Amino acid sequence: MALFWCTECLPLAVTGLLPIILFPMMGIMKAEEVSIHYMKDSNMLFLGGLFVAVAVETWDLHKRIALRVLLLIGVRPSLLLMGFMMTSAFLSMWISNTATTAMMLPISKAVLQQLETIDAQADAREVQAAGGDENGIELEMKENKEEVIEEKQPDTQTQLEDRVYEHEYNPESSEEFRRAARQAHYERLTKGMSLSVCYSASIGGTATLTGTIPNLILKGQVDQLFSQNGDVINFVSWFGFAFPNMVIMLFLTGIWIHFMFLGFNLKRSFSCGNKTDRDKEVYTVLRTEYNSLGRMTFAEVSVLIIFIVMVLLWFTREPGFIDGWATVLFNQNGTYVSDGTVAVFIAVLFFIIPSRLPKCGSYGCNDEGKELKAPKTLLSWKVIHERIPWNILLLLGGGYALAEASEESGLSKWLGGTLSPLKTIPPFCIALVLSLLVATFTECSSNSTTTTLFLPILASLATSIKLHPLYLMLPCTIAASLAFMLPVATPPNAIAFSFANLKVMDMVKTGFILNIIGILTTNVCINTWAYLMFDLGTFPHWANVTTDQP
């Protein structure tokens, strides 16, 4: 199955179905025992989260949020970079990183095109106003020559220098020089903005349990391998661990991308004061785009309220420091209500609440003049059927079945014994090396495949050396989402690669450092606040389940 998942010689979902065929035939598990793993609680959590994401996308609520944030932050290139990164990360916490990237990149392209048009008009006015003042032109060209040459590719630097010196006092050459400088600048800015969007979408997905598939695979594997864990991984505990880590990664990513594509001229990038005509025109573009959405409809308001209610229910179900509403009402004698229950409850509401309010006892008339008694609901099953990636449920189920079979067959115990000599290595070194391994592997394989394959092995390793399983599983789950170096590593990378005409080396040079940043920040996280949150310094009693298997 690992070989098939990595090579994709069969569709991932089809490979995920192999346990139903092979495990009963091999006498490892009964067919009914295998099949039950394909609709576990974590699958329902994933499904409910997808319903919410589809509702947000259907009514363009995510676009309204994105444009509103950009209007609030500002329109200077550095502020725009920060705004796009923050917005992409936030949206990716709740909807897929692919959808986030696909929505944000066209907005960034429209803004940058307007910026370039405004700069071209300003340059034309300045050249016309110069009126042949050769000294002024010469001085300005000398001041900007080095910056332009740096923005050009190495093989064109000499040619550009010759052109500058040859026509140093020619007004027409000045206009050509300005055009070349402007094109080089916006080419770099487009690359930086596109990479910032796709990287922020991947980083933002790590912050919530439903943000990306590896997080849900971790929860499912922990619940599968350690059934007595007491719901150690839930929405609140994961958010407390991953959200601060996401903020740190996003901040450092912004600094690195700014350095790579905008330089470190902070005064020029973040200069304050009165808005220039250029800033006002770009702001007008964003405002026009936002106004084109019109006023918030009843459907948008409904989706927003339902979304907020879902988040509040998740946070208050079992906050940890006090009894949550689920504990008080339902879970006195066990975990009857889970995060998956909340997600499915919210999903059902989308099929009940109408998309419009009634008017005078009816909903008006349609285009043919016929009176409408009931409008469509916020979601229809046709929309869900077309937009939900159902194949992921089979992939998740296959991974859970594989983990259970590893326990039943004794493979986990054998792996644990084989890896036991690693107990002589300091735990933080083990976590760091494994994070590097997973981050490298995920560049050539999907993050869901990577976590499905590695997490059971990491659990066996942790129990064999008497180390808290989450000490290894948490950082490696985050590392599986750090696919920054190659266009094929994850769909957001591929979208940005084609959208901005990037070269592979553009992504490799930027992504390599971001991989290192992500691995280091995650390992700092598990040795600081996560160490206290999950009590990672002690071997939990519920982890003995793995080694106790016959």
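Just so we're clear, the structure is a prediction, and the values are computed from it rather than from any experiment.
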Q | side chain to side chain contact (heavy atoms under 4.5 Å, CB included) partner of Met249, the single match among Ile519, Leu520, Leu514, Thr521 | A | Thr521
Q. Hey, are Tyr471 and Asn527 close enough side-chain-wise for a donor-acceptor pair under 3.5 Å?
A. yes
(Q) Between Ser92 and Gly204 (side chain of the first, backbone of the second, donor and acceptor by atom type, cut-off under 3.5 Å), is there such a pair? (A) no
Q: For the residue pair Ser448 and Ile217, establish whether any side-chain heavy-atom pair is separated by less than 4.5 Å.
A: yes
Q. With distance as the sole test, does Thr528 use its side chain to make a donor-acceptor pair with the main-chain N or O of Cys525 at under 3.5 Å?
A. yes
Q) Heavy atoms, side chains only, cut-off 4.5 Å: are Ser237 and Val232 in contact? A) no
Q: Scan residues 205-223 for pairs that pass side chain to side chain donor-acceptor pair (under 3.5 Å), counting only residues two or more places apart or in two chains.
A: Lys219-Asp223, Lys219-Asp231, Asp223-Asn229
Q | Leu395 and Asn391, any side-chain heavy atoms less than 4.5 Å apart | A | no
Q. Is the number of heavy atoms from other residues, nucleotides or ligands under 6.0 Å of Met86 CE greater than 12?
A. no
Q. How about Leu216 and Asn43: do any of their side-chain heavy atoms sit closer than 4.5 Å?
A. no
**Q.** Spacing of CE belonging to Met85 relative to SG belonging to Cys198, to within rounding of 0.5 Å
**A.** 10.0 Å
Q | Within 6.0 angstrom of Phe259 CZ, more than 12 heavy atoms from elsewhere | A | no
**Q.** Backbone N/O of Pro214 and side chain of Thr451: donor-acceptor pair under 3.5 Å
**A.** no
Q: Could you go through the ring-ring contact (aromatic ring centres under 6.0 Å, His included) check for Trp94 and Phe307 one step at a time?
A: CA-CA 9 Å; Trp94 314 105; Phe307 170 75; 5.0 Å; yes
Q.
Check whether Thr538 reaches the backbone of Asp535 with its side chain - one donor and one acceptor, N or O, closer than 3.5 Å.
A. yes
Q. How about Leu453 and Trp5: do any of their side-chain heavy atoms sit closer than 4.5 Å?
A. yes
**Q.** Heavy-atom pair with the smallest gap, counting every atom of Met1 and Thr15
**A.** CE-O, 3.5 Å
Q. Do Phe512 and Phe484 have ring centres separated by under 6.0 Å?
A. no
(Q) Any donor-acceptor pair under 3.5 Å linking the side-chain atoms of Asn97 with those of Thr100? (A) no
Q: Specify the closest pair of heavy atoms between Phe497 and Pro487, including all atoms of both residues, with the distance to one decimal.
A: CD1-CG, 3.5 Å
Q.
Using side chain to side chain contact (heavy atoms under 4.5 Å, CB included), reason through Leu45 and Phe235 one step at a time and then give a plain yes or no.
A. CA-CA 10 Å; Leu45 176 60; Phe235 188 88; over 6 Å; no
Q: Answer yes or no: is there a side-chain heavy-atom contact under 4.5 Å between Ile465 and Ile430?
A: yes
**Q.** Test log, rule side chain to side chain contact (heavy atoms under 4.5 Å, CB included), inputs Leu218 and Trp238
**A.** CA-CA 11 Å; Leu218 170 69; Trp238 179 268; 3.3 Å; yes
Q) Got a salt bridge between Glu57 and Arg387, using NZ or NE/NH1/NH2 to carboxylate O under 4.0 Å? A) yes
**Q.** Approximate separation, where rounding is to 0.5 Å, of Phe84 CZ and Leu79 CG
**A.** 12.0 Å
(Q) Would you say that Leu461 contacts Leu434 through its side chain, given a criterion of any heavy-atom pair below 4.5 Å between the two side chains? (A) yes
(Q) Would you say OH of Tyr290 has more than 12 non-hydrogen atoms from neighbouring residues, nucleotides or ligands within 6.0 angstrom? (A) yes
Q.
Are the side chains of Met104 and Thr87 in contact, using a 4.5 Å heavy-atom criterion?
A. yes
Q: Mind checking the CD1-CG spacing from Ile526 to Leu532? Nearest 0.5 Å is all I need.
A: 12.5 Å
(Q) Between Trp256 (side chain only) and Ile513 (backbone N and O only), is there a donor and an acceptor less than 3.5 Å apart? (A) no
Q. Is there a donor-acceptor contact under 3.5 Å from the side chain of Asn493 to the main chain of Leu486?
A. yes
Q. At what distance, to the nearest 0.5 angstrom, does CG of Leu91 lie from CG of Leu61?
A. 9.0 Å
